[in-house]
Amino acid sequence: MRNKDVAAALSEIGILLEVEGKDKFKPKSYERAARSVENLGEDIEAIAARGELTSVPGIGEAIAKKIESFLSTGHIEALDSLRERIPVKVAELDAIPGMGPKTIKLLYDELGVTDIESLETALKEGRLKGLKGIGPKTETEIANGIGLARSGIGRSFLPDALATAEQVMAHMHTVGHVRRIEVAGSVRRRKETVGDLDFLVETDDEGAAVNAFVGLEGVADVLAKGATKTSVRLRSGLQMDMRVIPAESFGAGLQYFTGSIDHNVHLRTIALKKGLELNEYGLFKGKKQVEGDSEEGIYRALGLDYIPPELREDSGEIDAALTHTLPKLISLSDIRGDLHGHTNESDGTNTTEEMVEAAAVKKYDYYCISDHTKSLKIAHGLDEKRLLNRIQEIDELNSSGRWRMRILKGVEVDILSNGELDMSDNVLAQLDVVTASVHSRMKDSKDAITERVCTALSNRNVHIFGHPTGRLILERPEYEIDLDRVFEAAKSSRVAMELNSHPHRLDLNPGNLRRAVKAGLKIAINTDAHSVLELENMKFGIFQACRGWIEPRNVLNTLPLKDLLAAIRK
DNA sequence: GCCGTTTTCGGCCCGACTGTTTTCAGTCG
C-alpha cells in the first residue's frame, strides 16, 4: 500500500464533500490531510503500525480511523457512501483546469456528467449552452482543459524547471524593465519535481514587464493577464505565473509565493494571534504595514528565526524557529569529496582519468571510483580479477603525483538475492570505500528485501548503503523495505546511508533522511556520476539534504580525508 | 474534521483574475 493511494482516497473524500457543498471546512481538512500524507517522507503503514497517525499534521482521530480502515480493508465506509450518493469521477474532472466542485455539481445535476467521456459528449452535443453561469468562453476553457488533462502533462524535474527559470529571468532582465526578479514556489523550496513556475517581479514599467512575459519564447497560451498577475502556459505544458510586487512588499511577496501553503497558513495563524495580519503585501497592524520589504523582517516580527525555503513544509520548522533550534543546514562548499562514481570500465561514459580530472577541478580532497560488479552484466560489471587490476591502476594514478586530490579505491557491489555480496571479501578488504546496493529483484516482499539488505550491511567490508530505496522519481516506486530495521542494522555495523544526488533518484528522501540521522546514522551525499557532467549533480543532493534538515556534521564526505578514513574504519 | 501562547469550542489565509454578471461566484495559488 502506497502513501499515494491513501492520499488519493482522502483527496477524493475532500472533493466529494466539496461537490456536496454541505460543509465549507470539512473538505479542507481532508485535502490538508491528503497533502500531508502525500508529502510524508515515511511509509504511512509504518506510522499506522506504531499507532502514531494522529501525530501527522492534519490527521486527527476521525481521519486516522479512516486511514486504518483503508490500510486493512482497502475501503473507507464514508468514501463508499459518498461515491454512492455522487457517482462521479471527481478526481478526474477536478484535474481539468477551470473545473471546480461547483461546476462538477452543476454538470452532474443538470446533464448527468460523471467523467471526462460524458463531459466530452455533452460538449459535442452542445448541451452546456444555456446552463446558468456557463457562457461560450467557459465552454471553450473546459474543452481546452480536457485536452490538457488528456495530454498527461505532469510535473517537471527540478533541474529542468530551474533551467527554464534561469532563461526566463535572464530574458526579463534584458527586455522587461525589471529591477528585480526571483523565482518562488516549489522551485525555490527545491522540491524534487515542480508543477509550475512562479516569478516575482519589481519593475518601473508594469506594462513592459507583462508584455515581455507573455511574449516569451515558447508561450502557447495566455491564461490570465491582469494588473499585477499574469499566467501563461508554455508549449511544453509548463505553467508560469508572474506577479508584479512593489519594492516595499517584495519580501512579503517572496515569502507568500514561496509557500508551502501549509507553512503559510501556519504563519498567518501566528500573525493573527499576535493581532497582526499577513498577506503578500506585508505584515500589517490594522492598516499600518509593519514589515514587507524583506522575508527576514517578517519572520523576525513574528518571533521566528529565519526559515530557509527548503524547510517550509510545515513539518516542524515553525516550532524549531520559535525555539531557536533550526538546523544549521549544509551547503555545497561543505562537501570535500564524492564517494560514488562510475567510469567506462562498467557503465560510465568517461575514462577514470577524465572523471578524476573533473573531480579535481572541483577542488575536492578525494574522489572515489566505484564501478559495478559482475552480476550486473548489463553494466559490464567487474569481476575479482578486473577489480584487482583497477586497484593497481588507481594506486599508480595516486603515486603519479598528477593530482593533489586522493583517488579512493571503491566499488558499488551488488547485494545478491540471498544478501551475499557480488565480490569476494578478500578483494573488498583491499578497497577504501565499499558501497553496497540493490539492483535486482526489487519486487520481492518487504521481509525478503529487508532481510537481504540487513545481511549485506553486516558484512564488515561495507561502508555505505547505496540509493537505499531504489526509487526513480516519476518512474519507479521505492521497493518495499523496512527502513527502521535497516537503520538499526546499519547503526550496529556502522554503515552510512547514501543520499544519491541524481535528480531522478534523490534517495533517501527528506523524511527518511531525518529519520536516518535521528537513528544515529551518517549520510554520504554522492553523485553516482556516470559521466563528467553528472558530477554537477552534487548540488541537487545538497538541496535534498537541506530539505532533510541535514547539517554538515551529519555527513561523511564533509570530513577531511584523514578523518573520513578514520570514520569508516572498522 | 482539525486544532490550541484567545485550548475542548469556535474558529478555520486571503487576494487576483475571469466570465457572466449588473454586483458576484468560481477557480486558483
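First the proteins, then the strands, lettered A, B, ... as listed; each starts at 1.
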Looking for any heavy atom pair under 4.0 Å, which part of the strands does [X] touch: base, sugar-phosphate only, or nothing?
X       : result
P101(A) : sugar-phosphate
K132(A) : nothing
E141(A) : nothing
R243(A) : sugar-phosphate

[X] [atom1] to [N] [atom2], straight-line distance once rounded to whole Å:
X       : N       : atom1 : atom2 : answer
F25(A)  : dC13(B) : CZ    : P     : 7 Å
I261(A) : dG15(B) : CD1   : P     : 14 Å
K28(A)  : dC2(B)  : NZ    : P     : 16 Å
L223(A) : dA16(B) : CG    : P     : 19 Å
L276(A) : dT5(B)  : CG    : P     : 16 Å
L93(A)  : dT27(B) : CG    : C1'   : 15 Å
L272(A) : dT5(B)  : CG    : C1'   : 14 Å
M99(A)  : dT18(B) : CE    : C1'   : 17 Å

Taking only the side-chain heavy atoms of [X] (C-beta and beyond), determine which of [options] contains the nearest atom.
X       : options                   : value
D198(A) : dG1(B), dG29(B), dT27(B)  : dG29(B)
K102(A) : dT20(B), dT27(B), dG15(B) : dT27(B)
A224(A) : dT18(B), dA16(B), dT20(B) : dT18(B)
T103(A) : dG26(B), dG1(B), dA16(B)  : dG26(B)
A227(A) : dG29(B), dG15(B), dC17(B) : dC17(B)
D196(A) : dT27(B), dG29(B), dG1(B)  : dG29(B)
P136(A) : dG1(B), dT20(B), dC14(B)  : dT20(B)

What integer number of Å spans the [atom1] atoms of [N] and [M]?
N       : M       : atom1 : result
dC2(B)  : dC13(B) : C1'   : 15 Å
dC3(B)  : dT18(B) : P     : 36 Å
dT21(B) : dG26(B) : C1'   : 13 Å
dT5(B)  : dC12(B) : P     : 16 Å
dT20(B) : dG11(B) : C1'   : 33 Å

Would you find a donor on one side and an acceptor on the other, under 3.5 Å apart, between the side chain of [X] and the backbone of [Y]?
X       : Y       : value
E317(A) : D314(A) : yes
D293(A) : S249(A) : no
S11(A)  : E31(A)  : no

What class does the angle between the rings of H263(A) and Y299(A) fall in, given that below 30° is parallel, 30 to 60° is tilted and above 60° is perpendicular? tilted
Between F70(A) and H75(A), is the gap from one ring center to the other below 6.0 Å? no
Quick one: is [N] close enough that its OP1 or OP2 comes under 4.0 Å of any side-chain N or O from [X]?
X       : N       : answer
S231(A) : dC17(B) : no
K26(A)  : dG1(B)  : yes
K66(A)  : dG1(B)  : yes
Y256(A) : dA16(B) : no
Q239(A) : dC28(B) : no
N279(A) : dG15(B) : yes
T269(A) : dC3(B)  : no
T138(A) : dT18(B) : no

Ignoring hydrogens and geometry beyond distance, is a side-chain donor-acceptor pair present between H324(A) and D305(A) at under 3.5 Å? yes
Counting only Watson-Crick or G-U wobble pairs whose two distances fall under 3.5 Å, which nucleotide matches dT8(B)? none
Closest approach of P510(A) and E192(A), non-hydrogen atoms and distance?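 Shortest heavy-atom contact: CD-OE2, 3.7 Å.
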Of all heavy-atom pairs linking K191(A) and L158(A), the shortest is O-CB, 3.4 Å
Of D23(A) and L278(A), the one whose closest DNA chain B nucleotide lies more 5':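 Counting from the 5' end, the first nearest nucleotide belongs to D23(A).
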Please compare I63(A) and D241(A) by the position of their nearest nucleotide in DNA chain B and report the one closer to 5'.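 Upstream on the strand: I63(A).
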